[in-house]
**Q** 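Here it is: the structure, laid out below.
FYI, side chains are in, hydrogens and waters are out, and symmetry mates aren't considered; it's all heavy atoms of this structure. Throughout, protein chains are lettered first and strands after them, A, B, ... in sequence-line order, and every chain is numbered starting at 1.
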There are 2 protein chains.
Amino acid sequence: MPGITGNMLIAQSGGPTMVINQSLVGAVLEAKQHKCIKRIYGSLHGIQGILDENFINLRKETNATLEAVAQTPSSALGTVRKKPTAKDCAAIFRVLHKNGIRYFFYIGGNDSAETTHIINEEAKKADYELRCFHIPKTIDNDLRENDHTPGFGSAAKFVASAFIGDDLDNRALGGVKINIIMGRHAGFLTAAAALARTRPDDGPHLVYLPERPFSMPQFARDVKAVYAKLGRCVVAVSEGIADSKGTAIAAKFSKEVDSHGNVQLSGTGALGDLLASEIRRRTKIKRVRADTFGYLQRSFPGIVSEADATEAREAGAMAVRVSVTADADGSIAIKRKPGKVYKVEFKRVPLKNVAKETREMPARFINKAGNNVTQAFINYAAPIVGPLAPTARFKALE
Amino acid sequence: MPGITGNMLIAQSGGPTMVINQSLVGAVLEAKQHKCIKRIYGSLHGIQGILDENFINLRKETNATLEAVAQTPSSALGTVRKKPTAKDCAAIFRVLHKNGIRYFFYIGGNDSAETTHIINEEAKKADYELRCFHIPKTIDNDLRENDHTPGFGSAAKFVASAFIGDDLDNRALGGVKINIIMGRHAGFLTAAAALARTRPDDGPHLVYLPERPFSMPQFARDVKAVYAKLGRCVVAVSEGIADSKGTAIAAKFSKEVDSHGNVQLSGTGALGDLLASEIRRRTKIKRVRADTFGYLQRSFPGIVSEADATEAREAGAMAVRVSVTADADGSIAIKRKPGKVYKVEFKRVPLKNVAKETREMPARFINKAGNNVTQAFINYAAPIVGPLAPTARFKALE
């Protein structure tokens, strides 16, 4: 039963990215191609907007506006960090039903996939035909089933670019520089800092990921060794680094927890300050600085991976294309095609495969010592991020 | 006595910028045009490299390399934060004398102008003809005699761009977002955040500068008022904000907020964390975040103001041009020509006019309440920074 006639609702959830509006616009433009889709509603602030019936009419937006919004960072419909209760889900379903929504698209990470999954189950229980799709989005790159996720490439481009500049800054001034990067449980974004390296002595010289236990004494020894060799050291540290018991180092400094049970790691410089003071204390190196890249990583205008923007758009369009061809539900996943040239394809996968649990960096991407990435990671990430700004040294200093 | 025959030495000092290599390369390319200039030495790490006679031969670098270095962020010769003693200055002069240096160029801020001034006085005392020039550079934009300084425009472009993205992020998620910006005594760079605004409700909604006394209760009241109106608030805060007695807030509260014994202003998130926790405590607003932009402001590759790059290049070239025409010394200052179209000219000014003391933002750039900038500031800064990334909203949300 392809193409059930009805209205469509789309919403954005979780942390904004540079390209989440590409997915939104990709879905809306595709929806306009299908006669079975009548009204196209955008819900403001994710499921909160559904509960409040706070919609805008996306059919009224011109293609010129849609294209301009697609190029704009952050979530144009607003977003929310809210895990719906069973009661919320029943209420959401009632709103969808009441508004004749037959097509529902939710752009977000694993928590949003979980929400989509629950709403889909509600519809099934009520025997209401709802084409219910999750469209992937996360700078953390931690969704299962995906080779990588929309949003990651552009955030990774920001991180790698920042390290190119910051490494040159550190080279000019010396000392130790520690940069804290987003990524709660998966180290992909932190690892992307390594793309900044083009010469043997380029930083980041050390990379600490949530996937490997973090030891303060070992950290100090690692920094000391690099500093002894180069007179300087640039370090990439994930905000999610944890000790051998799995306790986040930053968690000791934050009491704020959202409704998904996530501890607030971003929006504070505490972890960077802790690591800097520990290095000062343990190594006696004088110039030690820490920066926390913070929200700039996901919203800085102009620093966009072209592959990321294209793929985000296509993921949104693909979800709509699949939704009108059969009584389907699911999530759209990016799969990489085998071969030397970078190519991807988009596949529908079951919602439950993407919901709840996340994935981490595979072991082959992390070096044995657990303080750097491997060439395999560079090969994986480089085409997702695309070309970076070239830099030059005087030949006398090469 | 134009064009005394001899060697040239050039060095970079203080904090790196996006365009300090433009000034370096501008000077070197100009020097190649003048037969009276023989060897062209680059000193590594500023005056430290002179004391150590640690030079590279910049004549050996091809024009292609020079052009590529000009486009590269940070200080290609390395830099130093060192205020030379009288003994150092005498030693520096001896090295210049010994190496037949007749042309000395020092790229940096007011401290570097002071160093250049002292070296120049040493040369005069010894009756040694030295053409001694300071080339301006500082992201703080606080050099006297200058309408603005090379390095400011690009750092300001980074700050304004970051606020464009971060304001969209805050708009999507709500809450209060505080961003800490570099600038110890002058608020120009913090003020540049205001260039991000294109719509009446765009952030930053509040701007706090070192030029006006900072009061925590007033800050909380300001934030509360914006939040009551918009449901969100984006704030730009200078790292150098100080109370009515002139004590830096970062220093004053550092023991309360920073359990790690960290007091310096940059390279720490302490001030941002303090302000965020005070807002949480005083307003009961739940979502409050702070980011400290840190060193990215002065080194992020690709975010360059074209006017800034051009002017930095010209300031370097101009210093050399002036130095070969007469027995001159001085600093090159950027003056803005009157008129509606943005145009600048470069003038030689006495070293002592730029040395030591800095300038602050004029009163006409700051609003009466001391929590925002005026249109006069926007008119001043916009052409220095150049065009910023456009953004779009859905028409339904305009």
Side-chain angles (χ1 to χ4, degrees), chain A residues 12 16 42 56-58 60-62 65 68-69 71-81 161-162 164-166 168-169 171-173 177 266-270 272-274 276-278 288-296 298-303 388-397, chain B residues 12 16 42 56-58 60-62 65 68-69 71-79 81 161-162 164-166 168-169 171-173 177 258 260-262 266-270 272-273 276 288-296 298-303 388-397:
Chain A
Q12 296 172 310
I56 63 170
N57 180 352
L58 290 171
K60 276 201 178 164
E61 304 291 333
T62 63
T65 297
V69 167
Q71 308 283 335
T72 299
S74 188
S75 311
L77 292 174
T79 186
V80 71
R81 289 198 178 280
S161 300
I164 287 173
D166 201 50
L168 288 163
D169 196 279
R171 201 175 133 79
L173 272 164
K177 181 67 195 301
S266 301
T268 162
D273 288 351
L274 167 74
S277 83
E278 287 288 326
V288 185
R289 299 286 185 273
D291 276 328
T292 304
F293 285 180
Y295 294 98
L296 275 55
R298 65 189 193 194
S299 65
F300 199 93
I303 306 297
L388 296 166
T391 64
R393 286 182 191 174
F394 288 123
K395 293 289 169 265
L397 301 174
Chain B
Q12 296 171 309
I56 63 169
N57 180 353
L58 290 171
K60 276 200 177 166
E61 304 291 332
T62 63
T65 298
V69 167
Q71 308 282 336
T72 299
S74 189
S75 312
L77 292 173
T79 187
R81 287 198 179 280
S161 300
I164 288 173
D166 201 49
L168 289 163
D169 196 280
R171 201 175 132 80
L173 272 164
K177 181 66 195 300
D258 183 8
H260 322 301
N262 215 347
S266 297
T268 162
D273 288 352
V288 184
R289 300 286 186 271
D291 275 330
T292 304
F293 285 180
Y295 294 98
L296 275 56
R298 66 188 195 196
S299 65
F300 199 93
I303 306 297
L388 297 166
T391 63
R393 287 181 190 174
F394 289 124
K395 292 291 168 261
L397 300 175

**Q** I'd like to know which of A68(A), G165(A), G272(A) tops the heavy-atom pair count under 4.5 Å against chain B.
**A** G165(A)

**Q** Check whether E61(B) gets within reach of chain A through its side chain, its backbone, both or neither, counting any heavy atom under 4.5 Å.
**A** side chain

**Q** In terms of heavy-atom proximity below 4.5 Å to chain A, should A389(B) be classed as side chain, backbone, both, or neither?
**A** side chain

**Q** For residues P73(A) and L168(B), report the shortest heavy-atom separation together with the two atoms involved.
**A** O-CD1, 3.6 Å

**Q** Determine the option with the most heavy-atom pairs under 4.5 angstrom with chain B, choosing from T391(A), V69(A), L397(A).
**A** V69(A)

**Q** Given heavy-atom pairs under 4.5 angstrom as the criterion, report whether the side chain, backbone, both or neither of I56(B) touches chain A.
**A** side chain

**Q** Considering only heavy atoms and a distance below 4.5 Å, find which of R298(A), Q71(A), R171(A), K60(A) pairs most often with chain B.
**A** R298(A)

**Q** Answer with side chain, backbone, both or neither: which region of K395(B) has an atom nearer than 4.5 Å to a non-hydrogen atom of chain A?
**A** both

**Q** Using modelled atom types and a 3.5 Å cut-off, is there a donor and acceptor pairing between side-chain atoms of T72(B) and backbone atoms of A392(A)?
**A** yes

**Q** Among S161(B), G302(B), P390(B), S75(B), which residue forms the greatest number of heavy-atom pairs with chain A at distances under 4.5 Å?
**A** S161(B)

**Q** Yes or no on side-chain contact (heavy atoms from CB on, under 4.5 Å) for R289(B) and L173(B), after CA distance, side-chain angles and deciding distance?
**A** CA-CA 11 Å; R289(B) 300 286 186 271; L173(B) 272 164; over 6 Å; no

**Q** What are the two closest non-hydrogen atoms of Q12(B) and L77(B), and how far apart are they?
**A** OE1-N, 2.9 Å

**Q** Could you state the interatomic distance from OG1 (T62(B)) to CZ (F394(A)), rounded to the nearest 0.5 Å?
**A** 10.0 Å

**Q** Identify which of L58(A), N57(A), V80(A), I164(A) forms the greatest number of heavy-atom pairs closer than 4.5 Å to chain B.
**A** L58(A)

**Q** Would you name the heavy atoms of D166(A) and S299(B) that are closest together and state the gap between them?
**A** N-OG, 3.7 Å

**Q** Counting distance only, does the side-chain N/O of T79(B) pair as donor-acceptor with the main-chain N or O of A172(A) below 3.5 Å?
**A** no

**Q** Check each atom of I303(B) against the heavy atoms of chain A and say whether the ones under 4.5 Å are side chain, backbone, both or neither.
**A** side chain

